K.L.:
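Can you read through this structure? Questions will come right after.
Computed from a predicted model, the values in this text were never measured in an experiment. Lettering follows sequence order; numbering is per chain, from 1.
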Amino acid sequence: MPELAEVEFYRKQWSPGLGQRVRAVLVHPRAKVFRECNVRRLVGRLAGATLLSSAASAKQMLFRFGGGRWLGVHLGMSGELREEPAGYTPRKHDHLVLVQRDRRLVFTDPRMFGRILFFVGRGPPGWWTRLAPPILSETFTVAAVADFLRRRGRTPIKPVLLMQERFPGIGNWMADEILWRAAIHPRRLAGVLTPAEIRALWRESRRVCRLALETIAGRGNDMPPALNVRIRDSWLFNHRWEDGGRCPRTGARLVREQVGGRTTCWSPARQKL
DNA sequence: CCAATTGTTATTTA
DNA sequence: ATAAATAACAATTG
């Protein structure tokens, strides 16, 4: 499930372990999630280190430990982070467990499209610093979006919104949410959007990121991504998976089809080719 | 057995 | 050569 706001939610699940030492590291060393990572080195260098801080950007998380150790986590399609009690026994899909005195910090991922990265050095690693600047930062301008759409002019707008180099953190449901709010058909070619549509796309990209962070990442306790009832009918999100679902704004039937290889939901009443 | 899944990347096609 | 489309990755669920 993890897109921008869910990633931020999961990052915080390890916050109870901040300032605490890692006594041991438990791994399933053959798991695919370690494909870009030297597992033995990770286990050796992380044991004894203290978790100092964490950050999330796009769909990537970074955990900083004492001694210049940096742990990267990408949740892929099915990854989750959670806290378990000190005595917790890791299960089949718990590929990485940080053992602290009072708890265990667990990374679990059944499908294993996720990814664990590890780096030792003074500053943060390149795979972190090279991430595209956030959609909610000043560098995400209308001009930057317009320029990107021009270069991807022959591609439908839906898959363009999934391109992390310009829309970091956007995933399948956020892309549909943005297009629905901007009233743009997902199959429209990126190169044919009007200046007003480009501006709407820019504005709704920022709004969906902000609202998603407030409503999903802001929740302290239970699991995302169910959005709370108060905003239920103002989000496409809550209707996109129901068969026979209806557009919250027009009441018309929603459509679900493949666009750019991904299931895409839109409201034909608002979003026209 | 078939199809589905909120991600990314390698390979193939145009 | 470049960009776009498609397959592949793996596990589980309906």
K.L.:
Determine whether the aromatic ring of Phe113(A) stacks with the base of dT8(B), defined as ring centroids separated by less than 5.5 Å and ring planes inclined by less than 30°.
P.N.:
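No, Phe113(A) does not stack on the base of dT8(B), since the centre distance and plane angle fail the 5.5 Å and 30° test.
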K.L.:
Please pick, from dT8(B), dA4(C), dA5(C), the nucleotide with the shortest atom-to-atom distance to any side-chain atom of Pro156(A).
P.N.:
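So the side chain of Pro156(A) is nearest to dA5(C).
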K.L.:
On the nucleotide dA11(C), are OP1 or OP2 found under 4.0 Å from the side-chain N or O atoms that Lys32(A) carries?
P.N.:
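So the side chain of Lys32(A) is outside the cut-off, no N or O lying under 4.0 Å from OP1 or OP2 of dA11(C).
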K.L.:
Under the criterion side-chain contact (heavy atoms from CB on, under 4.5 Å), which of Leu179(A), Leu273(A), Val160(A) is the partner of Arg188(A)?
P.N.:
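The passing option is Leu273(A).
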K.L.:
Are the charged groups of Glu83(A) and Arg103(A) less than 4.0 angstrom apart, N to O?
P.N.:
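Answer for the salt bridge query: yes.
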K.L.:
Ignoring the backbone of Arg115(A), work out which of dA5(C), dT8(B), dA10(C) is nearest its side chain.
P.N.:
dT8(B)
K.L.:
For dG7(B) and Gln164(A) - does any side-chain N or O of the residue sit under 4.0 Å from the phosphate oxygens OP1/OP2?
P.N.:
no
K.L.:
Given atom CZ of Arg262(A) and atom P of dA5(C), what is their separation to the nearest angstrom?
P.N.:
15 Å
K.L.:
Are any of His93(A)'s side-chain N or O atoms less than 4.0 Å away from OP1 or OP2 of dA10(C)?
P.N.:
no
K.L.:
For dA1(C), which nucleotide in any strand shown is its Watson-Crick or wobble partner with both distances under 3.5 Å?
P.N.:
none
K.L.:
Rounded to whole angstrom units, what separation is found between the CD atom of Gln258(A) and the C1' atom of dT6(C)?
P.N.:
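Result: 11 Å.
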K.L.:
I need the CZ-C1' distance between Arg154(A) and dA3(C), as an integer number of Å.
P.N.:
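Going from CZ in Arg154(A) over to C1' in dA3(C) covers 11 Å.
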K.L.:
Round to the nearest Å and state the distance from Asp94(A) atom CG to dA11(C) atom P.
P.N.:
15 Å
K.L.:
Taking CG from Asp109(A) and P from dA11(C), how many angstroms apart are they, rounded to a whole number?
P.N.:
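Distance, rounded to whole Å: 10 Å.
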K.L.:
Evaluate Phe65(A) against Trp70(A) for ring pair (Phe, Tyr, Trp, His ring centres under 6.0 Å), listing each step before the verdict.
P.N.:
CA-CA 6 Å; Phe65(A) 294 81; Trp70(A) 308 80; 9.3 Å; no
K.L.:
Return no unless some side-chain N or O of His74(A) is found under 4.0 Å from OP1 or OP2 of dT8(B).
P.N.:
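Checking His74(A) against dT8(B): at least one side-chain N or O falls below 4.0 Å of OP1 or OP2.
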K.L.:
Just to confirm, is there a sub-4.0 Å distance from OP1 or OP2 of dT12(C) to any side-chain nitrogen or oxygen of Lys92(A)?
P.N.:
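So the side-chain polar atoms of Lys92(A) do come within 4.0 Å of the phosphate oxygens OP1 or OP2 of dT12(C), strictly under.
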K.L.:
Under 3.5 Å, side chain of Asp109(A) to main-chain N/O of Gly114(A), donor-acceptor pair present?
P.N.:
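Yes.
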K.L.:
Separation of Leu189(A) atom CG from dA3(C) atom P, in whole Å?
P.N.:
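Computing the Leu189(A):CG to dA3(C):P distance gives 16 Å.
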K.L.:
Among the candidates dG7(B), dA4(C), dT5(B), find the nucleotide nearest to the side-chain atoms of Thr155(A).
P.N.:
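Selected nucleotide: dA4(C).
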K.L.:
Mind checking the P distance from dA7(C) to dA3(B)? Whole angstroms is fine.
P.N.:
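The answer is 13 Å between these two P atoms.
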K.L.:
Would you mind checking if Glu257(A) and Arg187(A) are paired as a salt bridge, meaning a charged N to carboxylate O distance below 4.0 Å?
P.N.:
yes
K.L.:
When the P atoms of dT11(B) and dA10(C) are compared, how many Å lie between them, rounded to an integer?
P.N.:
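Nearest-Å result for dA10(C) against dT11(B) at atom P: 15 Å.
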K.L.:
On a plain distance test, is the side chain of Arg111(A) in donor-acceptor contact with the base of dT12(C) below 3.5 Å?
P.N.:
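Check fails, no donor-acceptor contact within cut-off.
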K.L.:
Nearest whole angstrom, please: distance from the C1' of dT8(B) to the CG of Leu161(A).
P.N.:
17 Å
K.L.:
In this structure, how many angstroms lie between the C1' atom of dA4(C) and the CZ atom of Arg151(A), rounded?
P.N.:
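The distance from CZ of Arg151(A) to C1' of dA4(C) comes to 15 Å, rounded to the nearest Å.
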K.L.:
Can a salt bridge be assigned to the pair Arg206(A) and Glu204(A) using a cut-off of 4.0 Å between side-chain N and carboxylate O?
P.N.:
no
K.L.:
Using a heavy-atom cut-off of 4.0 Å across all strands, would you classify Gly261(A) as base, sugar-phosphate, or nothing?
P.N.:
nothing
